[in-house]
Structure formats: structure tokens, C-alpha cells
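In the text below, chain A, chain B and the rest are named by the order of the sequence lines, each starting its count at 1. In what follows, every heavy atom counts, from backbone to side chain, and hydrogens, waters and symmetry copies are set aside.
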Amino acid sequence: MTERVKQNSAKEEFYFRILELVSKIPKGKVTTYKNLAIAGGKPRSSRLVGWILNKSPLGLPCHRVVNRNGELTGKFAFGDSQMMKKLLESEGIEFDSKERVNLTKHLWIF
DNA sequence: TTTATGACTTTGC
DNA sequence: AGCAAAGCCATAA
């Protein structure tokens, strides 16, 4: 056997790293795609974070991941956008009049 | 391989 | 402040 030891590719590492980070978001806090992308080592891959969440296993608190404006861009994946908002509210997260999370108070920084 | 698409972000007007 | 266009990176066809 040659030495073709195939380690995890960079994208797989990125994938699992994001999953772990999201699962570590404390209750009552939210984070952004950009933040996750940076923490994962790819500051320009915020779109990939969204893709990962879409393909990620259920049970992940992906409702705590919002875009830079605090908007629930992934609400459609929950089937009911109001449900996602209620989930966050039940965790103590506040919204402004535009359905946006108060990032000043609840943004989670790694 | 090339093209189109997306749970995004940044920049310019 | 809000909208449009460009930039980025990986996947699907």
C-alpha cells in the first residue's frame, strides 16, 4: 500500500467544524453566517454555512443562526416562519419591529 | 467542464 | 437608511 493516507478534506473539516460550533451556541444567543464562516477558517464562505445547515442532521439549533442583519433567512426550512421566531423568543431573544433579532444584545461571539 | 443556484456579505449609489 | 450589483465557494445538472 502506498502512502495515500486520505485524511479528511478541508471541506469536510469545515463542515463538521461548523456543525460543532452551531451546536455550541448557548441558549438565548444567536450568531451569524459570517461569524461561523470566520470561526471555521473561511471568512468568505458564509454561503457555504447556509448550505451546510441545510444538509446538516436535525436536532441542530440552526434557528440560532441568522444573517448579519439578524433576519431569519432560513425560516423557510422550518416549515413555518412564525415557529422559528417563537422558538427564539422562548429562549429569551428579542426582536425589533422588523422581525429582526436584537444582535446588540444577543449576538454570540466565539 | 461549464452554467446556474443559493439559509451570505460587502460595496457603491 | 435602503436597494442593486459584484464577489465568494461548493453543489447540482
Side-chain angles (χ1 to χ4, degrees):
Chain A
M1 288 80 115
T2 56
E3 56 180 45
R4 56 188 302 263
V5 180
K6 197 166 188 176
Q7 298 184 329
N8 290 342
S9 63
K11 47 187 175 184
E12 284 183 351
E13 248 185 76
F14 182 68
Y15 180 94
F16 289 113
R17 195 173 305 169
I18 297 302
L19 258 50
E20 190 172 325
L21 288 169
V22 174
S23 65
K24 284 180 180 172
I25 300 174
K27 187 178 177 183
K29 290 284 181 182
V30 298
T31 192
T32 65
Y33 297 97
K34 180 178 176 9
N35 220 332
L36 289 169
I38 292 172
K42 295 180 183 300
R44 307 297 182 190
S45 302
S46 50
R47 300 183 94 155
L48 283 308
V49 176
W51 171 81
I52 290 169
L53 294 183
N54 194 20
K55 300 292 184 190
S56 70
L58 277 52
L60 202 68
C62 46
H63 55 276
R64 297 183 187 141
V65 182
V66 299
N67 71 0
R68 67 183 176 84
N69 288 321
E71 296 172 295
L72 280 42
T73 44
K75 62 181 190 300
F76 74 92
F78 286 80
D80 184 358
S81 59
Q82 295 304 313
M83 184 184 77
M84 184 174 180
K85 186 185 172 191
K86 287 184 68 178
L87 268 168
L88 292 168
E89 287 180 330
S90 68
E91 295 183 351
I93 291 175
E94 302 171 16
F95 285 78
D96 64 11
S97 56
K98 292 175 186 166
E99 303 275 294
R100 298 195 302 192
V101 175
N102 187 334
L103 292 177
T104 309
K105 279 191 173 184
H106 306 294
L107 178 60
W108 181 57
I109 300 174
F110 298 96

Can you tell which of [options] lies closest to the side chain of [X]?
{"X": "A/L48", "options": "B/dT9, B/dA7, C/dA10", "value": "C/dA10"}
{"X": "A/R44", "options": "C/dA10, C/dG2, C/dC8", "value": "C/dC8"}
{"X": "A/Y33", "options": "B/dT10, B/dA7, C/dG2", "value": "B/dA7"}
{"X": "A/R68", "options": "B/dT10, B/dC8, C/dA10", "value": "B/dT10"}
{"X": "A/S46", "options": "C/dC8, B/dA7, B/dT9", "value": "B/dT9"}
{"X": "A/F78", "options": "C/dC8, C/dA10, B/dA7", "value": "B/dA7"}

Mind calculating the distance between [atom1] ([X]) and [atom2] ([N]) to the nearest angstrom?
{"X": "A/L60", "N": "B/dA7", "atom1": "CG", "atom2": "C1'", "answer": "13 Å"}
{"X": "A/K55", "N": "C/dC9", "atom1": "NZ", "atom2": "C1'", "answer": "16 Å"}
{"X": "A/I52", "N": "B/dG6", "atom1": "CD1", "atom2": "P", "answer": "18 Å"}
{"X": "A/R47", "N": "C/dA12", "atom1": "CZ", "atom2": "P", "answer": "16 Å"}
{"X": "A/D96", "N": "C/dG2", "atom1": "CG", "atom2": "P", "answer": "10 Å"}
{"X": "A/E99", "N": "B/dA7", "atom1": "CD", "atom2": "P", "answer": "19 Å"}
{"X": "A/W51", "N": "C/dC8", "atom1": "CH2", "atom2": "P", "answer": "20 Å"}
{"X": "A/N69", "N": "C/dC3", "atom1": "CG", "atom2": "P", "answer": "11 Å"}

Practice prompt. Look at all strands and tell whether A/N54 reaches a base, only sugar-phosphate, or nothing, counting heavy atoms closer than 4.0 Å.
Written response: base
Worksheet item: Just checking A/K11: base, sugar-phosphate only, or nothing, at a heavy-atom cut-off of under 4.0 Å?
Response: sugar-phosphate
Discussion item. As an exercise, state the distance from CG of A/L72 to CG of A/L88, rounded to the nearest 0.5 Å.
Written reply: 5.5 Å
Discussion item. On the nucleotide B/dC8, are OP1 or OP2 found under 4.0 Å from the side-chain N or O atoms that A/T73 carries?
Written reply: yes
Worksheet item: Taking only side-chain nitrogens and oxygens of A/K34, does any of them come within less than 4.0 Å of OP1 or OP2 of B/dT10?
Response: yes
Item to complete: Report the C-alpha separation of A/L48 and A/I18 in whole Å, then their side-chain angles, then the decisive distance to 0.1 Å, and conclude whether the side-chain contact (heavy atoms from CB on, under 4.5 Å) test is met.
Response: CA-CA 10 Å; A/L48 283 308; A/I18 297 302; over 6 Å; no
Practice prompt. Would you check if A/I52 and A/V22 make a side-chain contact, meaning some heavy-atom pair closer than 4.5 Å?
Written response: no
Worksheet item: Passes side-chain contact (heavy atoms from CB on, under 4.5 Å), A/E71 versus A/K98? Steps please.
Response: CA-CA 9 Å; A/E71 296 172 295; A/K98 292 175 186 166; over 6 Å; no
Practice prompt. Start with the C-alpha distance between A/V49 and A/N35, add both sets of side-chain angles, then the distance that settles side-chain contact (heavy atoms from CB on, under 4.5 Å), and finish with yes or no.
Written response: CA-CA 10 Å; A/V49 176; A/N35 220 332; over 6 Å; no
